[in-house]
Undergrad: 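Pasting in a structure now, in structure tokens, and then I'll have a few things to ask.
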Amino acid sequence: MLVKKDMQELDFSALKQDFPILTQQNRNKPLVYLDSASSAQKPRQVIEAMSHFYLQDYANIHRGIYELSELATDLYENTRQVIKNLIHAPKADEIIFVSGTTEGINLVANSFGRANWQAEDEVIISHMEHHSNIVPWLLLQKEIGIKVKVIPITDEGAMDLNVYPTLFTPRTKLVALNHASNILGTINPIKEMIAIAHAHNVPVLIDGAQAVPHMPVDVQDLDCDFYVFSGHKLYGPTGTGVLYGKKHLLEAMPPYQSGGGMIETVSFEEVTFAKVPQKFEAGTPNIAGVIGLGAAAAYVQSQGIENIFRHEQALLQYAEEKLLQIPGLRLIGTAKPKLGVLSFVMDHLHPHDIGTVLDHEGIAIRAGHHCAMPLMERFNVPATLRASLGLYNHQQDIDVLVEAIYLAKRFLG
Ligand code: PMP
């Protein structure tokens with residue numbers, strides 16, 4: 001278990017033991033993992049919770065009357081409590097397990113949206129959304145004729161708050177925004193933006209995929225109506241995620257998928273549905289994954305999310321200073337406050353070519369459009385390189401990155 005030196009610092013020798021994968025090599029060089037915004041590595045505690053479940057405690061949940069099934073059910077339901085505490089949700093039954101942020105947004109679009117919207121109704125999103133918070137709304141635009149309105153962003157990468165309030169009309173039905181951008185790193189002023197939406201009686205969905213692993217989140221303080229995030233970015237397993245929704249909204253929504261586990265009674269004439277959250281968890285769920293997600297959230301809490309935030313902020317500052325000294329390097333996303341996401345391009349060099357050189361130096365970094373093509377277009381670039389930080393990164397990782405960028409410049413330039 002990781003031991004804290006004090007309230008501010010994370011203990012890196014202990015961290016190395018928690019994340020054995022990070023002591024490996026990438027192309028015969030020590031691995032430098034700078035791709036946590038895409039997916040985070042998993043601590044031993046998460047992997048052990050899952051393998052212990054499969055080895056010792058495995059059974060289906062909510063069905064058996066035998067001890068093993070009761071134990072599995074308790075372990076699964078315990079994660080609901082852990083997640084409730086992590087995001088300060090009022091009630092555990094407002095936590096719905098989904099396969100990730102993508103599924104959480106699709107659930108809201110296809111249940112809440114389809115049940116309540118008609119042609120000409122409007123949804124407000126922003127220019128800095130991930131495709132998973134664009135495409136579900138565009139599909140409804142095509143299928144039922146809703147309109148998708150887009151908040152522009154500034155050259156620094158902040159929401160244009162002058163335009164945002166002007167987008168509301170009596171037909172506005174939802175605002176759907178990311179808490180923090182996966183490319184720019186910008187932490188958006190969502191509390192204020194939610195208050196503006198609520199003044200128009202419009203509910204708000206927040207895509208918290210990038211925020212939850214890196215900063216404290218309090219859904220009651222934000223007063224958001226829906227909040228979604230992915231387990232795999234929170235040091236948890238793939239195929240897990242969370243949709244938080246206010247109880248009265250969830251209760252009024254029709255099921256998203258149907259089958260076993262989500263019903264109360266079934267006859268050939270009539271079906272009645274289980275209460276929230278079971279109504280939205282059809283079929284045998286990802287039981288081991290959800291147990292791993294609980295272990296991941298507990299791990300983050302044991303480190304202290306404030307400590308993680310402070311650590312990554314200090315590292316972000318160090319990285320920005322170092323990167324900006326490199327001639328020809330341009331950071332995309334300089335608005336503050338921001339998370340530890342550093343997107344950049346280099347004059348005359350293609351991001352994929354640089355990414356290939358970095359890979360040969362042991363560095364795992366993303367090059368591409370990062371599932372946000374409209375944002376690439378906004379900044380007039382085909383792709384960027386993106387270094388993104390996790391709790392296990394430290395200054396040495398940044399030093400190796402900077403050295404390797406100089407090497408790439410010499411090699412490719
Ligand atoms: N939204 C944001 C802001 C993201 O960064 C991501 C993942 N890159 C997603 C949504 C989609 O998450 P997932 O693929 O885990 O469903």
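As the structure is a prediction and not an experimental result, all values here were calculated from the model. As the structure lists them, so they are numbered: ligands from 1, and atoms in each ligand from 1.
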Undergrad: Decide whether an N or O pair under 3.5 Å exists between S38 and ligand 1.
TA: no
Undergrad: Taking 4.0 angstrom as the limit, do E120 and K147 come out as a salt bridge?
TA: yes
Undergrad: Please could you name the atoms of ligand 1 that N182 approaches to less than 4.0 Å, counting only its heavy atoms?
TA: 5 (O)
Undergrad: Give the residue, atom name and distance (to 0.1 Å) of the protein heavy atom nearest atom 4 (C) of ligand 1.
TA: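 For this ligand atom, the closest protein heavy atom is H130 CD2, 3.4 Å.
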Undergrad: Once rounded to the nearest 0.5 Å, what's the spacing between atom CG of N116 and atom CG of L249?
TA: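 The distance works out to 9.0 Å.
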Undergrad: Output the list of atoms in ligand 1 that are nearer than 4.0 Å to some heavy atom of S132, sorted by atom number.
TA: 1 (N), 9 (C), 10 (C), 11 (C)
Undergrad: In terms of atom number and element, which parts of ligand 1 are under 4.0 angstrom from non-hydrogen atoms of Q210?
TA: 3 (C), 4 (C), 5 (O)
Undergrad: Give the atoms of ligand 1, by number and element, whose distance to some non-hydrogen atom of S230 is under 4.0 Å.
TA: 12 (O), 13 (P), 15 (O), 16 (O)
Undergrad: Can you tell which part of D207 has a heavy atom less than 4.0 Å from ligand 1: side chain, backbone, both or neither?
TA: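 Side chain only.
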Undergrad: Would K233 count as a polar contact of ligand 1, with the cut-off being nitrogen or oxygen pairs under 3.5 Å?
TA: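 There is such a contact, yes.
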Undergrad: Classify the angle between the aromatic ring planes of H369 and H131 as parallel (below 30°), tilted (30 to 60°) or perpendicular (above 60°).
TA: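 Judged by the thresholds at 30° and 60°, the geometry between H369 and H131 is tilted.
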Undergrad: Starting from atom 16 (O) of ligand 1, locate the nearest protein heavy atom and write down its residue, its atom name and how far away it is, to 0.1 Å.
TA: T102 OG1, 2.6 Å
Undergrad: Can you label the angle between the F168 ring and the Y164 ring as parallel, tilted or perpendicular, going by 30° and 60°?
TA: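 F168 and Y164: perpendicular rings.
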Undergrad: A side-chain contact here means heavy atoms from C-beta on lying under 4.5 Å apart; do K338 and L184 qualify?
TA: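 Sidechains of L184 and K338: no contact.
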Undergrad: Only one of N133, N188, D207 clears side chain to side chain donor-acceptor pair (under 3.5 Å) with N178; which?
TA: N188
Undergrad: Using the rule given for ring-ring contact (aromatic ring centres under 6.0 Å, His included), can you reason through F53 versus Y58, listing the C-alpha separation, both sets of side-chain angles and the distance that settles it, and then say yes or no?
TA: CA-CA 5 Å; F53 173 65; Y58 182 77; 5.4 Å; yes
Undergrad: Please work out whether any backbone atom (N, CA, C, O) or any side-chain heavy atom from C-beta onward of H232 is under 4.0 Å from ligand 1, and answer side chain, backbone, both or neither.
TA: side chain
